[in-house]
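Notes follow once the structure below has been shown.
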Amino acid sequence: MKAISKLKSIASASPSRSRSLSLVSIGSRNVPASSFSSLLDEFTNFCYQRDLPRAMKAMDAMQRHGIWADSITYSELIKCCLARRAVNEAKLVHNHVFSNGHQPKTFLINILLNMYVKFNLLDQAQELFDQMPERNVVSWTTMISAYTNAKLNAKALKYLILMLREGVMPNMFTYSSVLRACDGLLSLTQLHCSIIKAGLESDVFVRSALIDIYSKLGELQNALGVFNEMVTGDLVVWNSIVGGFAQNSDGDEALNLYKRMKRAGFPPDQSTLTSVLRACTGLALLELGRQVHVHVIKFDQDLILNNALLDMYCKCGSLKDANFVFTRMLEKDVISWSTMIAGLAQNGFSREALNLFQSMKDYGAKPNYITILGVLFACSHAGLVEDGWYYFQSMKKLFGIDPGREHYGCIIDLLGRAGKLDQAIKLINEMGFEPDAVTWRALLGACRVHRNVDLAIFAAKQILKLDPEDAGTYILLSNIYANSQRWDEVAEVRRTMKAKGVRKEPGCSWIEVNKQIHAFILGDNSHPQIDEINSHLNQLIHRLMGLGYVPDTNFVLQDLEGEQSEDSLRYHSEKLAIAFGMISMSRGKTIRIRKNIRICGDCHIFAKLLTKMEQRTIVIRDPIRYHHFQDGVCSCGDYW
DNA sequence: CTAGGGTTAG
């Protein structure tokens, strides 16, 4: 406040104010006006020519003679400084326009403010802002936007309030900035009301910002409400709503909106396609993803879009396509490498993943937190205990990354799977993080592989303490008890589930055939070809049994999708989907299935034997990993 | 002079 009053007094005393008729402000009486004006002309020309060195020299001379140019000329000079990232020159301009008590217009100070923001010098911007004798909506918006971009949400919201208190009305620029600073529904609702009151809800920038922030807070119905409020003629508004659903794992709705968008006559751009690919990724829609790929070619070297395409192919289990995209990408960033490494690992190609990690380092790319996770995942799923342990131990030293909870999770998985359950428990105790549900699930997974019932019960109980809604774990626990005839405990688990209102999500498998998605659920007979499917499935089971297949009725430590009986096992959703794929797809085509629950041991054996008997390839993606079945073996090496 | 949309894990 002191600084402001000081500046104000200087401003009113400044001689330049009373001589504002000419562009030249004269601070000295001994020099003829004509030479001032030629100096000024020179300076102006250099600024417009973007000749920074000469402009700076001319500015220096002007400062000695107490001459100032008009704000537009300075703004040209500042643009030039920004383009060249000339911070020191920019500061000299700042000093110059305030020299000898000269008081620049608010317009020009705003430009200086914005300049500091763009140079990421927030402290300097703040200092200048504090000194401004007069702050208009642009000054406030510049600061708010700066704080929003710096993720200083509280500060951004505080500045909105201060601005209102000073009686400055926010405009659409202000709202589209400050909306991004909302981190709770309360502040967002308040802002939304103010926007409506100010009559700004139809502004496309405000609308897209509203949709985006509602989506980021998971309030998709509100986002959709804003979107449906009025028809939009703006691509970004469309992209916001499509992206909102894609990022909230509602691929179906994202794809519906995308269809609506195309019907409305909007050609998709990079951002749209990135979201659409993400939706395909979540739903494992390889064929639709391929169709989108055709549009992607138009935006050939867009890095983000290519990364999304790469991920889509990985998560749809088509490593051939993923490799094709990856090798053709001229520009690769850490996300491209991480995506490909994790993609190979999840699909069971651990060796390839580790080789690619080596290539990445040879190439000179710097791994990040997520890259290392992919590497550790590769090691754990290939049983490469020593490699994994080495990377885990040396990640800090080699890559400067501290192991996080997720890294510990991978290593617990690695040790657990390798049968080193004691070491895994030791690590949980030593890791310096409070173990979370994911940590205990890693241990539980290891118990499943090694059939360690007691430890499994312990881990399952820990999971339920931390995540009391986890239906799968209740079922698993109840199955364990049932298997040991501990009926009281079975009943107890069931009672808890009922009391908490936890219901098991039904196991479901999806398969995409001829651009149609077919869903199968155990016991659901609504598919039009269900009789044909059941009869084909029975035939397959019968023929496989003739070749030695025995349904695996050991249900212990398995989170089954239905009741425990051989008969229901027979109709697990993935078996139905496989049978359907066999009768509806030509022999050379890979049968690709996505399911929402992990594959059970019986279906795994079934699929393996089937690929041998029928010479087909089957890919099943479960929530954690991928199984590529071919010629009687699975890419997971029976290790999942 | 100030504003909006897209990618890796969990």
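So you know, we letter chains A, B, ... as the sequences are listed, proteins then strands, and number each from 1.
For A/F227 and B/dG4, the CZ to P distance is 20 Å, given to the nearest whole Å. A/H381 places its NE2 atom 14 Å from the P atom of B/dA9, with the value rounded to the nearest Å. Nucleotide B/dT2 holds its C1' atom 15 Å from the CG atom of A/L179, rounded to whole Å. Across the protein-nucleic acid pair, A/L112 atom CG and B/dT2 atom P stand 13 Å apart, rounded to whole Å. Between A/D413 atom CG and B/dG10 atom C1' there is a gap of 14 Å when expressed in whole angstrom units. Atom pair A/K332:NZ and B/dT7:C1' shows a separation of 16 Å (rounding to whole Å applied). When rounded to the nearest whole Å, the span between CG of A/L200 and P of B/dT2 equals 18 Å. When rounded to the nearest whole Å, the span between CG of A/L191 and P of B/dG4 equals 15 Å.
Residue-level contact check: A/V242 touches neither bases nor backbone, having no heavy atom under 4.0 Å from any strand. Counting non-hydrogen atoms under 4.0 angstrom, A/L235 reaches a base of the nucleic acid. Base contact: A/V237 has a heavy atom under 4.0 Å from a base atom. Residue contacts for A/R405: at a heavy-atom cut-off of 4.0 Å it reaches no nucleic acid atom on any strand shown. Backbone-only contact: A/K118 has heavy atoms under 4.0 Å from sugar-phosphate atoms and none from a base. Residue A/I370 is in base contact, counting any heavy-atom pair closer than 4.0 Å across all strands shown. In this structure, A/T339 reaches the sugar-phosphate backbone alone: every heavy-atom distance under 4.0 Å involves primed, P, OP1 or OP2 atoms, never a base.
Here A/N114 does not reach the OP1 or OP2 of B/dC1: none of its side-chain N or O atoms lies under 4.0 Å away. One finds a side-chain N or O of A/R278 lying less than 4.0 angstrom from the OP1 or OP2 phosphate oxygen of B/dT8. Taking only side-chain nitrogens and oxygens, A/R180 never comes nearer than 4.0 Å to OP1 or OP2 of B/dA3. Regarding contacts with the backbone of B/dG6, every side-chain N or O of A/S275 stays at 4.0 angstrom or more from both OP1 and OP2.
Looking only at atom types and distance, the side chain of A/T281 has no donor-acceptor partner in the side chain of A/D311 under 3.5 Å away.
Each of B/dG10, B/dT2, B/dG4 was ranked by its minimum atom distance to the side chain of A/Q346; first place goes to B/dG10. Comparing B/dT2, B/dG6, B/dG10 against the side chain of A/S271 picks out B/dG6 as the nearest. Comparing atom distances between the A/I111 side chain and each of B/dC1, B/dG6, B/dG10 picks out B/dC1 as nearest. The side chain of A/D212 has B/dG6 as its nearest neighbour among B/dG6, B/dG10, B/dA3. Comparing B/dG4, B/dA9, B/dT8 against the side chain of A/Y369 picks out B/dA9 as the nearest. Distances were taken from every side-chain heavy atom of A/F205 (C-beta onward) to each of B/dG4, B/dC1, B/dT2; the shortest belongs to B/dG4.
The number of heavy atoms from other shown groups lying within 6.0 Å of CG (A/D123) does not exceed 12. Dense packing is recorded around CZ of A/F433, with more than 12 heavy atoms of other residues, nucleotides or ligands lying under 6.0 Å away.
A salt bridge links A/E76 to A/R50: at least one charged side-chain nitrogen sits closer than 4.0 Å to a carboxylate oxygen. Taking 4.0 Å as the cut-off between side-chain N and carboxylate O, A/D622 and A/R598 count as a salt-bridged pair. Salt-bridge check for A/R207 with A/E201: failed, with every basic side-chain N at 4.0 Å or more from each acidic carboxylate O.
Under 3.5 Å, the side chain of A/D269 and the base of B/dG6 form no donor-acceptor pair of N or O atoms. A donor-acceptor contact under 3.5 angstrom links the side-chain atoms of A/S208 to the base of B/dG4.
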Exercise. Which is it for A/W337 and A/F357 under the ring pair (Phe, Tyr, Trp, His ring centres under 6.0 Å) test, yes or no, and what are the steps along the way?
Worked result: CA-CA 8 Å; A/W337 290 99; A/F357 181 53; 9.6 Å; no
For this session: Begin from the C-alpha positions of A/D212 and A/R180 and carry the test salt bridge (charged side-chain N to carboxylate O under 4.0 Å, His left out) through to its verdict.
Result: CA-CA 8 Å; A/D212 192 52; A/R180 293 182 23 225; 5.9 Å; no
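Cation-pi geometry between A/K332 and A/F326 is met: under 6.0 angstrom from the ring centre, within 45 degrees of the axis.
Listed by residue number, the members of residues 292-316 of chain A with any heavy atom below 4.0 angstrom from DNA chain B are A/D302, A/I304, A/L305, A/N307, A/D311, A/K315.
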